[in-house]
There are 2 protein chains.
Amino acid sequence: MGGDVKADRLDRVSRATYHHGALREELITASIALIESDGIGAVSLRRVAREAGVSPGAPYHHFEDRAALLNAVAARGYAALLEEARAAHAAAGSPVEAIGAMVETYVRFSRAHPAYAQLMYRPELSEPAKDPATEALAQAAIQLLTETVLACQASGGAPAGDPAPLVTMIWSICAGLAMLSVDGPLEQMTAARGSTIPELTGQVSALLQVMLVGSAA
Amino acid sequence: MGGDVKADRLDRVSRATYHHGALREELITASIALIESDGIGAVSLRRVAREAGVSPGAPYHHFEDRAALLNAVAARGYAALLEEARAAHAAAGSPVEAIGAMVETYVRFSRAHPAYAQLMYRPELSEPAKDPATEALAQAAIQLLTETVLACQASGGAPAGDPAPLVTMIWSICAGLAMLSVDGPLEQMTAARGSTIPELTGQVSALLQVMLVGSAA
DNA sequence: GGTCCAATCTAAACGGTGTTCAGAATCTAA
DNA sequence: TTAGATTCTGAACACCGTTTAGATTGGACC
């Protein structure tokens with residue numbers, strides 16, 4: 001509030017106990033709620049603190065800074081996404097189908113949890129040097145995808161050779177498709193065609209599988 | 001600065017003329033320079049104004065708000081990218097090669113102009129309801145890609161049928177690859193493999209072409 | 001029980017931000 | 001030359017992230 005002469009106005013609502021008890025958790029859930037209702041721009045540390053009925057300085061006992069809080073939220077998103085991807089992978093009948101299922105899962109998740117999506121694909125918002133937990137999650141996701149690609153190649157469901165380009169390509173499709181479907185442009189395109197995003201996503205997934213199998217020979 | 005009792009400190013450096021003359025342009029270039037040197041977080045309207053030697057209120061005669069300024073910068077990026085994509089398209093020997101070239105161009109551009117890239121793939125930073133010029137550029141880019149895909153299909157270089165899924169997939173690869181290569185994760189992956197991003201991008205592009213042709217039958 | 005320490009929270013402050021507004025300075029057209 | 005529109009200034013308002021000293025509390029040890 002700057003060098004105001006009079007003090008900051010009342011920043012919190014009164015609470016029965018001096019100690020909050022589970023502030024860290026409530027800060028995270030309040031952030032998610034705020035992103036979901038008013039967009040990521042509405043998430044200020046002060047506002048989150050207000051929402052939790054706590055003074056502006058309190059969050060600093062649980063998070064180093066604003067970025068760390070957003071990081072924690074993003075980490076939660078990564079964990080949930082990885083879980084869903086694993087489930088989709090397990091439910092698929094073949095490695096090729098698993099790849100298609102993972103792409104669709106990626107998009108479905110991003111659309112179902114826009115709050116997470118807005119954070120996860122924008123590392124500069126949850127800077128500085130992602131915490132190790134997030135890093136481990138990302139690593140696990142890449143590994144899951146790499147294993148699936150290898151299985152595809154082994155079963156003749158994908159072009160042979162170095163799996164890295166294939167992994168990168170599929171990863172890009174996931175990230176790009178999720179981003180475009182959350183940010184708007186795809187919405188607009190499907191609407192113009194009298195289609196829907198889930199529909200288009202399914203078609204992209206099917207096409208990808210066709211192309212994988214078709215070029216395996 | 002809040003309701004400080006004493007006035008804000010000097011916010012601008014003196015200038016010979018009262019009117020700036022080309023403020024709108026200088027605000028845009030100053031923004032680009034700022035993003036390039038200190039990241040997008042460093043771009044505040046006040047700082048840009050200071051950089052241009054102008055008071056904090058002056059930019060509001062040229063841009064409705066901060067988002068509008070960022071939007072103008074992003075529009076410039078879109079225009080430059082479209083131009084490069086068109087050049088790559090024209091230089092390619094076949095429609096399939098053109099698609100590969102466009103993917104590589106997309107990534108190269110994003111890496112060469114991180115300032116633009118940081119804005120272009122994050123519409124929520126340059127909100128509200130993109131101006132018509134930007135919209136037209138995006139539309140032109142989609143059309144260019146769609147035409148190329150149709151040419152591919154006509155020449156037996158891509159699976160036949162509705163071009164929309166193919167367009168969406170390629171678009172996603174471009175956006176995803178560009179995003180991942182700018183934001184870090186790809187950098188890290190290539191480094192671990194003793195490779196580079198341009199190299200990997202080239203491999204992805206080549207793989208995409210192989211898959212397109214291979215699954216055309 | 002009491003004592004002491006570490007963790008938590010408050011209140012105030014500092015400097016920064018976006019945005020608005022009245023009024024001064026200047027350009028433009030008549 | 002004058003009138004009106006444009007551009008810019010300077011001050012103000014309400015926010016923001018972050019730091020700090022000091023109050024309050026929980027838990028461990030006696």
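Naming: A, B, ... by sequence-line order, numbering from 1 per chain. Since the structure is predicted, the reported quantities are computational estimates derived from the model, not experimental observations.
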Of B/L45 and B/T17, the one whose closest DNA chain C nucleotide lies more 5' | B/L45

Are A/L177 and A/L186 side-chain neighbours, meaning at least one heavy-atom pair lies under 4.5 Å?
-> yes

B/H19 side chain: which of D/dC15, D/dT6, C/dT8 is closest?
-> D/dT6

Touch check for B/G21, heavy atoms < 4.0 angstrom, all strands: base, sugar-phosphate only, or nothing?
-> sugar-phosphate

Whole angstrom value for the distance that separates P of D/dA14 from CG of B/D65 | 20 Å

Do any side-chain nitrogens or oxygens of A/R24 fall under 4.0 Å of OP1 or OP2 in C/dT8?
-> no

Where the side chain of B/R46 is concerned, which of C/dA24, C/dT19, C/dA11 is the nearest nucleotide?
-> C/dT19

Which heavy atom in A/A178 sits nearest to a heavy atom in A/Y106, and how many Å separate them?
-> CB-CD2, 3.9 Å

Do side-chain atoms of B/R66 reach the backbone of B/V43 as a donor and acceptor pair under 3.5 angstrom?
-> yes

Residue closer to the 5' end of DNA chain D, B/H62 versus A/H61 (nearest nucleotide) | B/H62

Between B/H20 and A/V43, just flag the one whose closest nucleotide in DNA chain D comes earlier from the 5' side.
-> B/H20

Whole-Å distance between C/dC9 P and A/F63 CZ?
-> 12 Å

Heavy-atom distance under 4.5 Å between the side chains of B/T168 and B/S172, does that happen here?
-> yes

Length of the line joining A/L23:CG and D/dT25:P, which is rounded to integer Å | 16 Å

To the nearest angstrom, how far is A/Y18 atom OH from D/dG22 atom C1'?
-> 8 Å

Charged N-O contact under 4.0 Å between B/R86 and B/E147 = no

Find the distance B/R50:CZ to D/dC8:C1' and express it as a whole number of Å.
-> 17 Å

With a 3.5 angstrom cut-off on both distances, give the Watson-Crick or G-U wobble partner of D/dA11, or none if there isn't one.
-> C/dT20

Think A/Y60 has a side-chain N or O under 4.0 angstrom from the OP1 or OP2 of D/dT18?
-> yes

Distance in angstrom units between A/E25 CD and C/dT8 P, rounded = 15 Å

Write down the distance between CZ (B/R15) and C1' (C/dA25), rounded to a whole number of angstrom.
-> 11 Å

Gap between atoms CD and P, on B/E64 and C/dT20 respectively (whole Å) = 8 Å

